**Q** 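Sharing a structure below in C-alpha cells format, with a few things to ask.
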Amino acid sequence: MGFFSKIKDGLKKTKDNLSKKFYEVFKGRALDEEFYDELEMAMISSDMGVESSSKIIEELKDRAFRNKIKTTEEAKELLKEIMIEEIDYEIAPYEYPLVIMVAGVNGVGKTTAVGKLAHNFVNQGKSVVIAAADTFRAAASEQLHIWGERSGVRVISHEEGSDPAAVVFDAISSCKAKNTDVLLIDTAGRLHNKKNLMNELDKIYRVIGKEYPDADLRTYLAVDATTGQNAVNQAEAFDEIIDIDGIILNKLDGTAKGGIVIPICSEKEIPVMYVGVGEQINDLLPFDAKEFVNAIL
C-alpha cells in the first residue's frame, strides 16, 4: 500500500470531521466576509490553531482578490495550495553515519516510533543500531529489544537507572566498530522535571559530539496526534530544552484532530518528518505535505 492510500485511510476520521464542516462552508455561496468567518471557525474547530487559521484566511482573501477568484471551488483549491505551503519544508537529505535522537513525554509512542524507524531504515538497506537510553522507564528497554528482534537490528542497553549517556557511548562504539549506517536513540520523557531531562540530553549531546563528530545528528520529537493542541504545547516545551529538527506525529489514524499538523509546522516552524497511521511495523510513513492536505480536504 502506497503513502497516499495509507495516509488516506489513516486520516479518515480527520477527513470525515473536516468534510462535514467544510461542505457546509463551501457549498455554492458567495466569497463574502461570512464565508471567510465560517471557514476560519471550521479550521479552528479542527485543531488548526487560531494563529495559523487566521494567517491562512488572510492569505486566502488576498490571493482570491488578486486572482479574481469568484467560486468556492476555486477558493478550496487555493486554500489547499496555501496550506501545503505552510507545512511543506525543504529537508536536507540524510547523510551517513546518521544519528536520530527521539525525545518526547511518556505515552506518546516514542519507543514504538524508534522501533518502526529501525524497520524503515533496514528496508532501505541500511544497517541500524538502537540505543535504549531511556533507562528511567523499566519497560522501555524490553520494548526496544522486541522491536529490534522484529527488524533484526542490534539494541544496546544497560540496566534500569544507568547513565543514559553511557548507553549512547557504548552504542556509538558499536556503530564505529561495525561501520553502522544509522544509530537511533530513545530518550527518557520526564518533561515535568526539565532540569534532569536537560542534563541528560546535554550529556548525550556532548558524548555524540565528542565520539561521533562526523555523524549527521537529527533530533525528533514524538507527539501523540490524539491530544490535539497539547501536541503543540509539548513541541513548545521541548523546544525550550532542545533544538528540535522535526516531529514524529503518532496515532494519526486514531483521531479526528489531524489538523494539528498545521499549527505545529506553521506556528512552531518545526517540520513534521514522519506520521504514524497504524499499529503495524510498516505504519510509520515519511510525511508528504501535498498528499496530507489532499487527504484531509
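Worth saying up front: this structure is predicted, and the values here are computed from it rather than measured.
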**Q** Just by modelled atom types, is the Q280 backbone N or O under 3.5 Å from a matching donor or acceptor in the D283 side chain?
**A**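 Yes, the answer is positive, given that a donor and an acceptor are paired below the 3.5 Å cut-off.
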**Q** Using residues 204-214 as the side-chain source, report each donor-acceptor pair under 3.5 Å to any protein atom, sequence neighbours left out, with the distance given to one decimal.
**A**
from	atom 1	to	atom 2	distance (Å)
Y205	OH	T219	OG1	3.0
R206	NE	D202	OD2	3.3

**Q** Roughly how far apart are N294 CG and M83 CE, rounded to 0.5 Å?
**A**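 Reported to 0.5 Å precision, the distance equals 10.0 Å.
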**Q** Who are the salt bridge (Lys or Arg N to Asp or Glu O under 4.0 Å) partners of E236, not counting sequence neighbours?
**A**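 Salt bridge (Lys or Arg N to Asp or Glu O under 4.0 Å) check on E236 returns K268.
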**Q** I260 and A231: which non-hydrogen atoms are nearest, and at how many Å?
**A**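 Closest pair (atom of I260, atom of A231, distance): CG1-CB, 4.2 Å.
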**Q** Which residue pairs pass the ring-ring contact (aromatic ring centres under 6.0 Å, His included) test with at least one member in residues 48-73, sequence neighbours excluded?
**A**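 Counting only pairs at least two positions apart or across chains, no ring-ring contact (aromatic ring centres under 6.0 Å, His included) contact touches residues 48-73.
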**Q** Side chains of residues 47-58: which donor-acceptor partners sit under 3.5 Å, not counting sequence neighbours?
**A**
from	atom 1	to	atom 2	distance (Å)
S52	OG	E267	OE2	2.9
S53	OG	G49	O	2.6
K55	NZ	E86	OE1	3.3

**Q** Sort and list the pairs that fulfil ring-ring contact (aromatic ring centres under 6.0 Å, His included) and have at least one residue in residues 84-116, not counting sequence neighbours.
**A**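 Non-adjacent pairs meeting ring-ring contact (aromatic ring centres under 6.0 Å, His included): Y94-F121.
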**Q** For L252 and A225, which heavy atoms make the closest approach, and how far apart are they?
**A**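 Between these two residues, the closest heavy atoms are CD1-CB, 3.7 Å.
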**Q** Out of curiosity, L249 CG to I264 CD1, how far, rounded to the nearest 0.5 Å?
**A**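 With rounding to 0.5 Å, CG (L249) is 5.5 Å from CD1 (I264).
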**Q** Using distance only, find each side-chain donor-acceptor pair of residues 150-159 under 3.5 Å and give its atom names and separation, not counting sequence neighbours.
**A**
from	atom 1	to	atom 2	distance (Å)
R154	NE	S174	OG	3.3
R154	NH2	S174	OG	2.9
R154	NH2	T180	OG1	3.2
S157	OG	H145	NE2	2.9
H158	NE2	D170	OD2	2.7

**Q** Verify the cluster assignment for V128 and I248: are they in a single hydrophobic cluster under the rule of side-chain heavy atoms below 4.5 Å apart?
**A**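 Cluster IDs for V128 and I248 match.
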**Q** Would you compute the distance between atom CD of E81 and atom CG of D88 and round it to the nearest 0.5 angstrom?
**A**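 If I round to the nearest 0.5 Å, the distance is 12.5 Å.
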**Q** Which heavy-atom pair separates S45 from A42 by the least distance, and what is that distance?
**A**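 Looking at all heavy atoms of both residues, the shortest contact is OG-O, 3.0 Å.
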**Q** Does some side-chain heavy atom of V25 sit less than 4.5 Å from a side-chain heavy atom of Y36?
**A**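 With C-beta onward as the side chain, the pair stays apart.
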**Q** Any side-chain heavy atom of P164 within less than 4.5 Å of one from K203?
**A**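 A side-chain contact under 4.5 Å is absent here.
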**Q** If the plane angle is over 60° it's perpendicular, under 30° parallel, otherwise tilted; pick one for F26 and F35.
**A**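 Taking F35 first and then F26, their aromatic rings stand perpendicular (interplane angle over 60°).
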**Q** Per the side-chain contact (heavy atoms from CB on, under 4.5 Å) rule, which among I130, L217, V99, I100 passes with L183?
**A**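 Looking at I130, L217, V99, I100, the match for L183 under the side-chain contact (heavy atoms from CB on, under 4.5 Å) is V99.
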**Q** Suppose we screen for side-chain contact (heavy atoms from CB on, under 4.5 Å). Which residues come up paired with K27, at least two apart in sequence or across chains?
**A**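 Y23, E24.
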**Q** Output yes when D245 and R218 qualify as a salt bridge under the 4.0 Å nitrogen-oxygen rule, no when they do not.
**A**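 Judged by the 4.0 Å cut-off on N to carboxylate O distance, D245 and R218 do not form a salt bridge.
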**Q** Do the side chain of D224 and the main chain of T226 share a donor and acceptor less than 3.5 angstrom apart?
**A**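 Between the backbone of T226 and the side chain of D224 there is a qualifying donor-acceptor contact (under 3.5 Å).
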**Q** With a 4.5 Å heavy-atom cut-off, do V223 and V105 have their side chains touching?
**A**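 V223 vs V105: side chains apart.
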**Q** According to salt bridge (Lys or Arg N to Asp or Glu O under 4.0 Å), who are the partners of K290, at least two apart in sequence or on a separate chain?
**A**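 Checked K290 against salt bridge (Lys or Arg N to Asp or Glu O under 4.0 Å); zero matches.
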**Q** What's the spacing between I82 CD1 and L60 CG if we round to 0.5 Å?
**A**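 Separation between the atoms: 4.5 Å.
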**Q** Establish whether L284 and Y220 are linked, either directly or via other cluster members, by ILVMFWY side-chain heavy-atom contacts under 4.5 Å.
**A**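 Same hydrophobic cluster.
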**Q** Short question: side chain of E74, backbone of T71 - any donor-acceptor pair under 3.5 Å?
**A**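 Such a contact is found between E74 side chain and T71 backbone.
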**Q** A side-chain contact here means heavy atoms from C-beta on lying under 4.5 Å apart; do V129 and V182 qualify?
**A**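 The answer is no, as the side chains (C-beta and beyond) never meet within the 4.5 Å cut-off.
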**Q** Show me the donor-acceptor pairs within less than 3.5 Å that the side chains of residues 109-118 make with the rest of the protein, sequence neighbours left out.
**A**
from	atom 1	to	atom 2	distance (Å)
K110	NZ	D186	OD1	3.4
K110	NZ	T187	O	2.5
T111	OG1	R137	NH2	3.0
T111	OG1	D186	OD2	2.8
T112	OG1	Q143	NE2	3.4
K116	NZ	G278	O	2.7

**Q** Counting N and O atoms only, with roles assigned by atom type, does the side chain of D181 sit under 3.5 Å from a partner on the main chain of K126, one being a donor and the other an acceptor?
**A**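 Looks like no, no N/O pair under 3.5 Å.
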**Q** Could you pull out all residues at least two apart from K80 that satisfy salt bridge (Lys or Arg N to Asp or Glu O under 4.0 Å)?
**A**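 By the salt bridge (Lys or Arg N to Asp or Glu O under 4.0 Å) rule, K80 matches E77.
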**Q** Got a donor-acceptor contact below 3.5 angstrom from the T227 side chain to the N230 backbone?
**A**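 No, the answer is negative, given that no donor and acceptor are paired below the 3.5 Å cut-off.
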**Q** Using only heavy-atom distances, determine whether the side chains of S127 and K178 contain a donor-acceptor pair under 3.5 Å.
**A**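 No, K178 and S127 have no side-chain donor paired with an acceptor closer than 3.5 Å.
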**Q** Is there a side-chain contact between L184 and V102, using heavy atoms and a 4.5 Å cut-off?
**A**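 Not in contact.
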**Q** If hydrophobic clusters are built by linking Ile, Leu, Val, Met, Phe, Trp and Tyr wherever their side-chain heavy atoms come under 4.5 Å apart, do V232 and I44 end up in the same one?
**A**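 The answer is no; the residues belong to distinct hydrophobic clusters.
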**Q** What residues, two or more places apart in sequence or in another chain, satisfy salt bridge (Lys or Arg N to Asp or Glu O under 4.0 Å) together with E59?
**A**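 In terms of salt bridge (Lys or Arg N to Asp or Glu O under 4.0 Å), with neighbours along the sequence ignored, E59 is linked to R63.
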**Q** Output the distance between atom CG (L31) and atom OG1 (T72), rounded to the nearest 0.5 Å.
**A**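 Atom-to-atom, L31:CG and T72:OG1 are 6.5 Å apart.
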**Q** Using a cut-off of 6.0 Å, state whether more than 12 heavy atoms not belonging to Q229 lie near its atom CD.
**A**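 Yes, enclosed.
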**Q** For the CD atom on E279, are there more than 12 heavy atoms of other groups (residues, nucleotides or ligands in this structure) within a distance under 6.0 Å?
**A**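 At most 12 heavy atoms, drawn from other residues, nucleotides or ligands, come within 6.0 Å of this atom.
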**Q** Hey, does M43 have a side-chain heavy atom less than 4.5 Å from the side chain of F22?
**A**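 In contact.
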**Q** Is any side-chain heavy atom of N120 less than 4.5 Å from a side-chain heavy atom of N282?
**A**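 In short, these two side chains do not touch, never coming nearer than 4.5 Å.
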**Q** To the nearest 0.5 Å, what is the distance between CD on E269 and CG on D239?
**A**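 Rounded to the nearest 0.5 Å, the CD-CG separation comes out at 10.0 Å.
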**Q** List in chain and number order the residues that pass side chain to side chain donor-acceptor pair (under 3.5 Å) with E38, two or more places apart in sequence or in another chain; answer none if no residue qualifies.
**A**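 So E38 forms a side chain to side chain donor-acceptor pair (under 3.5 Å) with R29.
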**Q** Hey, would you say the F287 and Y274 ring centroids sit under 6.0 Å apart?
**A**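 Ring-ring flag for F287/Y274: false, centres at least 6.0 Å apart.
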**Q** Is E160 close to T135 at the side-chain level, that is, under 4.5 Å between some pair of heavy atoms?
**A**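 Contact flag for T135/E160 side chains = no.
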